[in-house]
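A short write-up of the structure that comes next.
On a predicted model such as this, the values are computed, not experimentally measured, just so you know. Note on naming: letters A, B, ... go to the chains in the order of the sequence lines (proteins, then strands), and numbering restarts at 1 for each one. Side chains are part of it too, since the values below use all heavy atoms of this structure and drop only hydrogens, waters and symmetry mates.
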Amino acid sequence: MWEYITQPWPWYVAGPLIALIMALLLLSGRRFGVSSNFTTICTIAGAGKASDYFNIDWKANKWNLVFILGTIIGGFIAHYAMMPDPSVKLAAGTVEALKEMNFESPGADFEPARIFTMKAFSDWRAMLILIVGGFLVGFGARYADGCTSGHAISGLCNLQFPSLITVVGFFIGGLTMVWIILPALFNN
Amino acid sequence: MKLLRYLLLGIFFGIILTKGQIVSWYRIYEMFRFDSFHMYGVIGSAVVLGMIFIQLSKMKGWKALNGQPFQLISYPKGWKRYLIGGTIFGLGWAMTGACPGPLFILVGNGYGMVLIAIGAALIGTFVYGLVGRKLPH
């Protein structure tokens, strides 16, 4: 059993378990949505002084901050106790494309070292990815009023048309980044 | 003590997204290249099962444990904010290879560098709070 658990989980295990998390949160009287935590953290940090947008009762979202704390612990447990082999078995086309962009041994480790380790500090492109990418995630999530969990999971599950439009937007942005901007950034 | 429930659900969620490799930058890149079915299988099966659960709950009148109706999400009509905001989010998602959940989960995975991305996401949230009202919605 443990042998199977420590292997990478296939989509038909991970996907249904995500649906289970959503269902358990609904049964607990809550709603699955991660990016609202960014707003809550801004509010706690005092952003309400700069904009009414942050004048919310953050205590009502305490449960979600605890949930996020749990995800960090879960990531730690899964990474250090349940992952003897950190490689990611990527499709051949993906490996080729990444090699063309000078990524070293794509998929050999869980994350590309040039972006996710200290190496990033000596590569302006990696810093650009972390800073600009992070900014766009935070800004876009509030502009669209939800992220992957709020729109792609909670919204689509409840047959929300606005969520479908948002997911189309996710793909317009994602495809532009992967097919046009990232190659332009890394191919020089 | 009620909060403990959310801690446990969060731990479970962090394990699922790590073991399903959904938090890996590589998997998101691969998804937007349409090279693998993995991420489509993950999101697709989660949505289909979640949809069945919610439709069943509506037919059967299921309630949350506190006796209240489910807090189902319902978005106001419109398209501008969803399309533009979604596109901006998608650009960021494909850059960092992580949406908000995975950003936090990656901290637990030991990738301290994502703290930079989380900091930037908080700034992005703050800037939206300042200028959001002036944007088309």
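- Using a 4.5 Å heavy-atom cutoff, the side chains of A:Phe67 and B:Leu7 are not in contact.
- In this structure, the portion of A:Leu182 lying under 4.5 Å from any heavy atom of chain B is its side chain and not its backbone.
- Proximity to chain A (any heavy atom under 4.5 Å) is shown, for B:Gln21, by both the backbone and the side chain.
- With rounding to the nearest 0.5 Å, the separation of CD1 in A:Ile172 from OG1 in B:Thr87 is 4.5 Å.
- Centroid-to-centroid, the aromatic rings of A:Phe103 and B:Tyr26 stay 6.0 Å apart or farther.
- A:Tyr53 has its ring centre less than 6.0 Å from the ring centre of B:Tyr128.
- Across A:Ile18, A:Val34, A:Leu26, A:Asn37, the residue that shares the most heavy-atom pairs under 4.5 angstrom with chain B is A:Leu26.
- Within the 4.5 angstrom heavy-atom criterion, no atom of B:Val48 approaches chain A.
- In this structure, chain B has no heavy atom under 4.5 Å from any part of A:Phe161.
- Considering every non-hydrogen atom in both B:Ile116 and A:Leu130, the closest pair reads CG2-CB, 4.1 Å.
- Contacts between B:Ile52 and chain A at a heavy-atom distance below 4.5 Å are absent for every atom of the residue.
- When all heavy atoms of A:Met101 and B:Tyr29 are compared, the closest pair comes out as CE-OH, 3.4 Å.
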Stepwise side chain to side chain contact (heavy atoms under 4.5 Å, CB included) check, B:Leu83 with A:Thr166: CA-CA 5 Å; B:Leu83 193 62; A:Thr166 308; over 6 Å; no

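- Heavy atoms closer than 4.5 Å to chain B are found in the side chain of A:Leu159, but not in its backbone.
- The distance between the ring centers of B:Tyr111 and A:His79 falls below 6.0 angstrom.
- Counting heavy-atom pairs closer than 4.5 Å to chain B, the top-ranked of the candidates A:Ala97, A:Pro86, A:Ala50 is A:Ala97.
- For a residue to count as touching a neighbouring chain, one of its non-hydrogen atoms must lie under 4.5 Å from one of that chain's; by this rule B:Pro102 does not touch chain A.
- You'll find the side chain of B:Met113 stays beyond 4.5 Å of the side chain of A:Thr117, heavy atoms only.
- Between A:Phe116 and B:Leu106 the shortest heavy-atom distance is CE2-CD1, 4.0 Å.
- Taking the six-membered ring for Trp and the full ring otherwise, the centers of B:Phe104 and A:Phe38 sit less than 6.0 Å from each other.
- If you look at B:Tyr75 and A:His151, their ring centroids are closer than 6.0 Å.
- The side-chain heavy atoms of A:Phe139 and B:Val131, taken from C-beta on, include a pair separated by under 4.5 Å.
- When heavy atoms are compared at a cutoff of 4.5 Å, A:Ser87 approaches chain B solely by way of its backbone atoms N, CA, C and O.
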